Amino acid sequence: MKCVFVIGPTATGKSQLAIELAEKHSGHIVNIDSVQFFKGLEIGSAAPLVDDLKKVPHHLFSYVAAPTEMTAGQYIRDFYQQISKLKPNTNLFIVGGTGFYIQALEKGMFNLPEISNEIKQQVLDDLGKHGPEKLYLELKNFDAESVVHLNDHYRLGRALEIKRAFNKKMSDFQSENNKDALPFPYLKIGLNFSTDDKEKMRTRVKNRIQQMIKNGLIEETKSFLDCGFDQWAPLSSVGYLETVQYLKNEITLEQLEPAITLSTMQLIKKQRNWFKRDPTILWSDIFQSDTRVVENEVEKFLK
RNA sequence: GGACAGGUGCCCGAGUGGCUAAAGGGGGCAGACUGUAAAUCUGCUGGCUUCGGUCUUCGAAGGUUCGAAUCCUUCCCUGUCCA
């Protein structure tokens, strides 16, 4: 089994490229986009269309239903379970822009046993009762090297759960052997654009958002609110968050598209930032249309 | 033509004599990140600097004052209302 990651920021045409590659090399497509996992969030996450799904086998798209949420660890389990059903020589095209999940799949997650709900609840309670300062002190006294910030309550809580449950530091896990790295040969190709083309990119994003709204983004979002899922985490992702605001009359319809375009540009920026630290990705510039070079690399790799 | 209101840094906006290169927010830039990740969090954001400073800045021009974004005069522009 060989894996080709097709990654990069949103709205760069990864899905399309992946389909072309998968058709050419008779491969399967596997999703690694943290919103396309969810059932019912297809429009706003620009999930593949029905026609595309027919062209090539797709996996791990739209398979998690509200109000279930996802974690990187769960994703990895789902991934291996899903591909275990495939023929061992299948070529996989793993498509998406969620850097954290890509890293999780590539390098594996730390082997952490489940943490009991008591401990989780206790940490939450402490945070609510005493504020973050007390927890922060507890963490710093235990692990002076910790980089968790006082205001990052989520990571602060998590670090303390681990401390209280296992009496271990986060860094202890980093140094432990990780057996869960991706056990197949893989190649990472990416679609991106140069900073000079940011405005071109914005236009592209804007058109895409307008199309999403026309295609029913508002109705899609509304159906979740109607079912009482407004606390469901995926609804605070780009596009859905703004649409929820619109549906709650916090912004007007005129403000909706600009608001989503802006957050999408911000998302793109964060994604580019994440990928910056990975020097092994083979990039193509979408405005220079030089994907052929990369396609040749894929060909060589799969040979 | 008349009456109010107002013009502040990329944008919005606070500030009515010194503690103000100017709160706060947005945007932008940089960064962190191992079970929420399209999330969460951090830093920087007038110029120059040998990092001690220094120069320019709150519509424009004058003036008052030891000292002005803040007070006075005139002018320009914007909004609302009355003719």
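Order of the sequence lines fixes the chain letters, A, B, ..., with proteins taken first and strands second; residue numbering starts at 1 for each chain. Keep in mind that what you see is a predicted model, and the values were worked out from it rather than measured.
Across the C1' atoms, U54(B) and G59(B) are found 27 Å apart, a figure rounded to whole Å. G27(B) and C11(B) have their P atoms separated by 16 Å, with the value rounded to a whole Å. Rounded to a whole angstrom, the distance from the P atom of G79(B) to that of C10(B) is 23 Å. For A68(B) and G18(B), the P atoms lie 11 Å apart once the distance is rounded to whole Å. Rounded to a whole angstrom, the distance from the C1' atom of C66(B) to that of C71(B) is 16 Å. A gap of 13 Å separates the C1' atoms of U65(B) and U70(B), to the nearest Å. For the C1' atom pair drawn from G25(B) and G15(B), the interatomic distance equals 15 Å after rounding to whole Å. Atom name C1', nucleotides A69(B) and A60(B): the rounded distance is 14 Å, in whole Å.
Taking atom CZ of Phe275(A) as the reference point, atom P of G31(B) lies 15 Å away to the nearest angstrom. For Phe100(A) and U34(B), the CZ to P distance is 7 Å, given to the nearest whole Å. Atom-to-atom, CZ of Arg272(A) to P of A30(B) comes out at 9 Å; the value is rounded to the nearest Å. Rounded to whole angstrom, the span from the CG atom of Asn151(A) across to the P atom of U42(B) amounts to 4 Å. Rounded to an integer number of Å, the gap from Leu112(A) CG to U36(B) P is 11 Å. In this structure, Gln266(A) places its CD atom 9 Å from P of C29(B), rounding to the nearest Å. In this structure, CD1 of Ile32(A) is placed 10 Å from P of A38(B), rounded to the nearest angstrom. For Met109(A) and C33(B), the CE to P distance is 14 Å, given to the nearest whole Å.
G9(B): no Watson-Crick or G-U partner with both key distances under 3.5 Å is found in any strand. Under the Watson-Crick or G-U wobble criterion, with both distances below 3.5 Å, G1(B) is paired with C82(B). A 3.5 Å limit on both hydrogen-bonding distances identifies no Watson-Crick or G-U partner for A68(B). Judged by Watson-Crick or G-U wobble contacts below 3.5 Å, the nucleotide A23(B) has no partner. Partner assigned to C58(B) is none, using Watson-Crick or G-U wobble distances below 3.5 angstrom. Within the shown strands, A32(B) is the pairing partner of U40(B) under the Watson-Crick or G-U definition, both distances less than 3.5 Å.
Comparing A39(B), U40(B), U34(B) by their nearest atom to the side chain of Asp152(A) picks out U40(B). Closest to the Leu262(A) side chain, of the nucleotides C41(B), A37(B), G27(B), is G27(B). When each of A30(B), A38(B), U40(B) is scored by its nearest atom to the side-chain atoms of Ser237(A), the top-ranked nucleotide is A38(B). The listed nucleotides are A39(B), G28(B), A32(B); the one nearest the side chain of Val147(A) is A32(B). Taking the side chain of Lys269(A) as heavy atoms from C-beta on, and the options C29(B), A39(B), U34(B), the nearest nucleotide is C29(B). When distances are taken from the side chain of Met170(A) to each of U40(B), U34(B), A38(B), the shortest belongs to U34(B). In this structure, of A38(B), C33(B), A39(B), it is A39(B) that holds the atom nearest to the side chain of Lys270(A).
Proximity of Ile189(A) to Val298(A): side-chain heavy atoms (C-beta onward) are separated by under 4.5 Å at one or more points. Residues Asp152(A) and Tyr154(A) form a side-chain contact, since some pair of their non-hydrogen atoms from C-beta on lies under 4.5 Å apart. Proximity of Asn192(A) to Arg272(A): side-chain heavy atoms (C-beta onward) are separated by under 4.5 Å at one or more points.
The shortest distance between the side-chain N/O atoms of Thr10(A) and the OP1/OP2 oxygens of A38(B) is not below 4.0 Å. Applying the 4.0 Å criterion to OP1 and OP2 of G31(B), one finds that Lys276(A) has a side-chain N or O inside that range. Side-chain nitrogen and oxygen atoms of Lys198(A) include at least one within less than 4.0 Å of the OP1 or OP2 phosphate oxygen of C29(B). Listed pair Arg155(A) / A39(B) fails the phosphate criterion, with no side-chain N or O lying under 4.0 Å from OP1 or OP2.
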Derivation and outcome, ring pair (Phe, Tyr, Trp, His ring centres under 6.0 Å), residues Tyr75(A) and Phe37(A): CA-CA 9 Å; Tyr75(A) 170 72; Phe37(A) 299 137; 5.1 Å; yes

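Taking the six-membered ring where the residue is Trp, the centroids of His28(A) and His58(A) are separated by 6.0 Å or more.
At most 12 non-hydrogen atoms from other residues, nucleotides or ligands lie less than 6.0 angstrom from NZ of Lys206(A).
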